[in-house]
Amino acid sequence: MHILVTGGAGFIGSHVVRHFLKAHPDCTITNLDSLTYAGNLANLSDVEQNPRYRFIKGDITDAPFLVKLFEESRFDGVIHLAAESHVDRSIANPTEFVITNVLGTVNLLNAARAAWKSSFEGKRFYHISTDEVYGSLGKDGLFTEETPYDPHSPYSASKASSDHFVRAYHDTFGLPVVISNCSNNYGSYQFPEKLIPLFINNICRKRPLPVYGKGENIRDWLWVVDHAQAIDVIFHRGKTGETYNIGGHNEWTNIDLILLLCRIMNEKLGRQPGESEALITYVTDRAGHDLRYAIDSSKLQRELGWVPSISFEKGLELTVDWYLGNHEWLNNVTSGSYQHYYDRMYGGRQE
Ligand code: NAD
Ligand code: TYD
């Protein structure tokens, strides 16, 4: 089977590529990525020599390029992860999110439809989405696959729009699609602009830990390796036209998570209790900040038998160990353009 993975040089995509090459000796992977600030081929240095893997630098916003790629390559399936993925950046520049996440997805749908027009038999277009499309929960309840869409950030609005297009191509043209909506991921190779790697990096460098608002927002965290496993199960056994929610039943307020992270980091770095905690700095809240995300993944568990493999405490410790053991990776991605971004994002936030 020849699978096109888009966004394979990013955080989740690199885990998906690695997982599929290892778990499926019969599959060939083409990784299509435009290598934005978030895409990093170093994330896949361990598989670059694998004869079943090839990388192509290309942009999903380039429709003619995609049509040609599909014509030449005869893909059996697509796992579509390429996206602009950071909420704060979407507040700073919404249009970029529409272009990549909405237009890019429609370009891919068109290319797949054209290439597979003689028969959709044995083909699959798998769109990776987020729980953020469902909006924000109050104190109770969980997002199910039936929860109405209610996105609040430009990022989640662009992902919601792309999800609608994917469903529309199934309903209108019969394209064999499947969609999953996952909660917040954490783990190795995540770009240090998202909460966990940003805070690990700042604790190492004894920089302030910028907590938005009161730190009371709740996220449902899943280890990225478990997400890759869920993507495998859904790609191979999910029902065409269906949506699956993926989550770890693992809700944390931001401040409780940060305190746990500080405790782990104090131990690992040989610091006194309270030393990393002293870096916590409350800053202006994110505009439109969703209060709570929490996923009901019982459909995926019941129908396809997927369950997360490790506890959050264990996964977080493994993640900290990985970042501490990969200073070079961290230094490389935090230099240059990322540094300008950091100054722009946090330079103006009031303490
Ligand atoms: P990421 O930002 O780490 O990676 C995105 C990748 O897409 C990068 O390699 C980037 O170079 C590539 N890309 C961006 N624009 C492109 C374009 N125009 N053409 C080709 N490639 C392009 O993101 P991630 O965290 O790995 O997320 C991957 C997918 O999973 C996204 O669709 C995201 O919405 C979804 N998702 C993420 C999370 C999470 O917690 N990170 C949770 C649920 C769903
Ligand atoms: P993030 O990792 O950006 O993921 P998302 O916004 O997609 O959930 O943020 C996770 C939570 O952490 C979110 O409630 C915002 C908060 N946060 C901070 O308090 N400070 C920060 O510097 C960042 C990046 C996030």
Side-chain angles (χ1 to χ4, degrees), residues 5-17 31-41 43-44 56-62 65-66 79-91 96-97 99-101 103-105 107-108 127-133 136 153 155-156 158-159 162-163 180-187 189-199 202 208-222 224 227-228 231 245-247 252-255 257-258 280-286 288-293 295 333 342 345-346 349:
V5 175
T6 70
F11 165 49
I12 302 173
S14 62
H15 283 275
V16 168
V17 169
N31 171 15
L32 170 68
D33 199 300
S34 64
L35 300 181
T36 67
Y37 77 95
N40 186 353
L41 286 180
N43 296 358
L44 286 168
I56 293 183
K57 186 170 188 303
D59 198 317
I60 58 167
T61 65
D62 183 346
F65 159 76
L66 287 182
I79 305 179
H80 173 38
L81 298 112
E84 288 293 336
S85 68
H86 186 40
V87 173
D88 292 323
R89 284 182 191 258
S90 81
I91 295 168
E96 203 176 349
F97 283 66
I99 294 171
T100 294
N101 298 359
L103 192 61
T105 300
N107 286 342
L108 262 184
H127 177 63
I128 307 297
S129 192
T130 167
D131 60 355
E132 304 192 23
V133 299
S136 184
S153 73
Y155 164 64
S156 54
S158 69
K159 291 297 291 188
S162 64
D163 293 8
S180 60
N181 296 81
C182 188
S183 60
N184 286 61
N185 283 215
Y186 69 95
Y189 299 107
Q190 187 170 29
F191 194 82
E193 64 181 355
K194 306 277 171 69
L195 180 72
I196 290 178
L198 175 74
F199 278 36
N202 285 13
L209 305 178
V211 180
Y212 297 164
K214 295 182 179 157
E216 287 168 352
N217 303 68
I218 294 172
R219 297 292 181 264
D220 179 356
W221 294 91
L222 181 69
V224 63
H227 189 190
I231 288 173
N245 280 355
I246 311 173
W252 289 77
T253 61
N254 290 341
I255 194 63
L257 186 162
I258 292 159
I280 291 173
T281 309
Y282 290 91
V283 298
T284 319
D285 207 354
R286 173 187 279 172
H289 197 173
D290 287 334
L291 177 65
R292 176 171 167 255
Y293 303 144
I295 277 274
V333 299
Y342 196 89
M345 267 320 172
Y346 294 101
R349 277 191 198 265

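Keep in mind that this is a model prediction, so the values were computed, not measured. Counting starts at 1 for both ligands and their atoms, following the listed order. Residues take their numbers from the sequence shown, with the count starting at 1.
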Note the single closest protein heavy atom to atom 3 (O) of ligand 1, along with its residue, its atom name and the distance in Å.
F11 N, 3.0 Å
Distance to 0.1 Å, residue and atom name: give those for the protein heavy atom nearest to atom 1 (P) of ligand 1.
S85 OG, 3.6 Å
Nearest heavy atom to atom 5 (P) of ligand 2 wins, so pick from E193, E132, K214.
E132
Considering only heavy atoms, which of R286, K194, R292 lies nearest to atom 9 (O) of ligand 2?
R286
If we number the atoms of ligand 1 from 1 as shown, the ones under 4.0 Å from a heavy atom of I128 are 30 (O), 32 (O)
Got the closest protein heavy atom to atom 15 (C) of ligand 2, with its distance?
H289 NE2, 3.4 Å
Can you check which of N185, L32, L66, I12 brings a heavy atom nearest to atom 40 (O) of ligand 1?
N185
Whether the side chain of T61 engages the backbone of I99 through a donor-acceptor N/O pair (distance < 3.5 Å, no angle test) should be reported.
no
Residue L35 vicinity, atoms of ligand 1 by number, heavy atom under 4.0 Å
11 (O)
Do Y37 and R89 have side-chain N/O donor and acceptor atoms under 3.5 Å apart?
yes
Which ligand 1 atoms, with their elements, are less than 4.0 angstrom from a heavy-atom of Y155?
33 (C), 34 (O)
Nearest heavy atom to atom 16 (C) of ligand 2: which of N254, L291, T281 does it belong to?
N254
shortest atom 22 (O) of ligand 2-to-protein heavy-atom contact is with Y346 OH, 2.7 Å
Flag T61 as yes when one of its N or O atoms lies below 3.5 Å from any N or O atom of ligand 1, and as no otherwise.
no
Note: ligand 1 atoms sitting under 4.0 Å from heavy atoms of G39 are 8 (C), 9 (O), 11 (O)
Ligand 1 N/O within reach of L81 N/O, cut-off under 3.5 Å
yes
Where the side chain of D59 meets the backbone of S34, is there a donor-acceptor pair that is under 3.5 Å apart?
no
Where ligand 2 meets V211 - atom numbers and elements under 4.0 angstrom, heavy-atom basis:
19 (O)
Any nitrogen or oxygen of A82, side chain or backbone, less than 3.5 Å from one on ligand 1?
no
Minimum-distance protein heavy atom relative to atom 9 (O) of ligand 1
D33 OD2, 2.6 Å
Within the distance-only criterion (no hydrogens, no angle test), does the side chain of N107 pair as donor or acceptor with the backbone N or O of I60 below 3.5 angstrom?
yes
In ligand 1, which numbered atoms sit nearer than 4.0 Å to a non-hydrogen atom of K159?
31 (C), 32 (O), 33 (C), 34 (O)
Out of all atoms in ligand 1, which are within 4.0 Å of some heavy atom of S129? Include the element for each.
43 (C), 44 (C)
protein heavy-atom neighbour closest to atom 21 (N) of ligand 1 works out as S34 N, 3.1 Å
Looking at L195, D290, D88, I218, the heavy atom closest to atom 2 (O) of ligand 2 belongs to L195
Just to confirm my output: which protein heavy-atom neighbour is closest to atom 4 (O) of ligand 2, and how far is it?
N184 ND2, 3.3 Å
Identity and separation of the nearest protein heavy atom to atom 43 (C) of ligand 1
C182 O, 3.3 Å
If you scan protein heavy atoms around atom 42 (C) of ligand 1, the nearest is S183 O, 3.3 Å
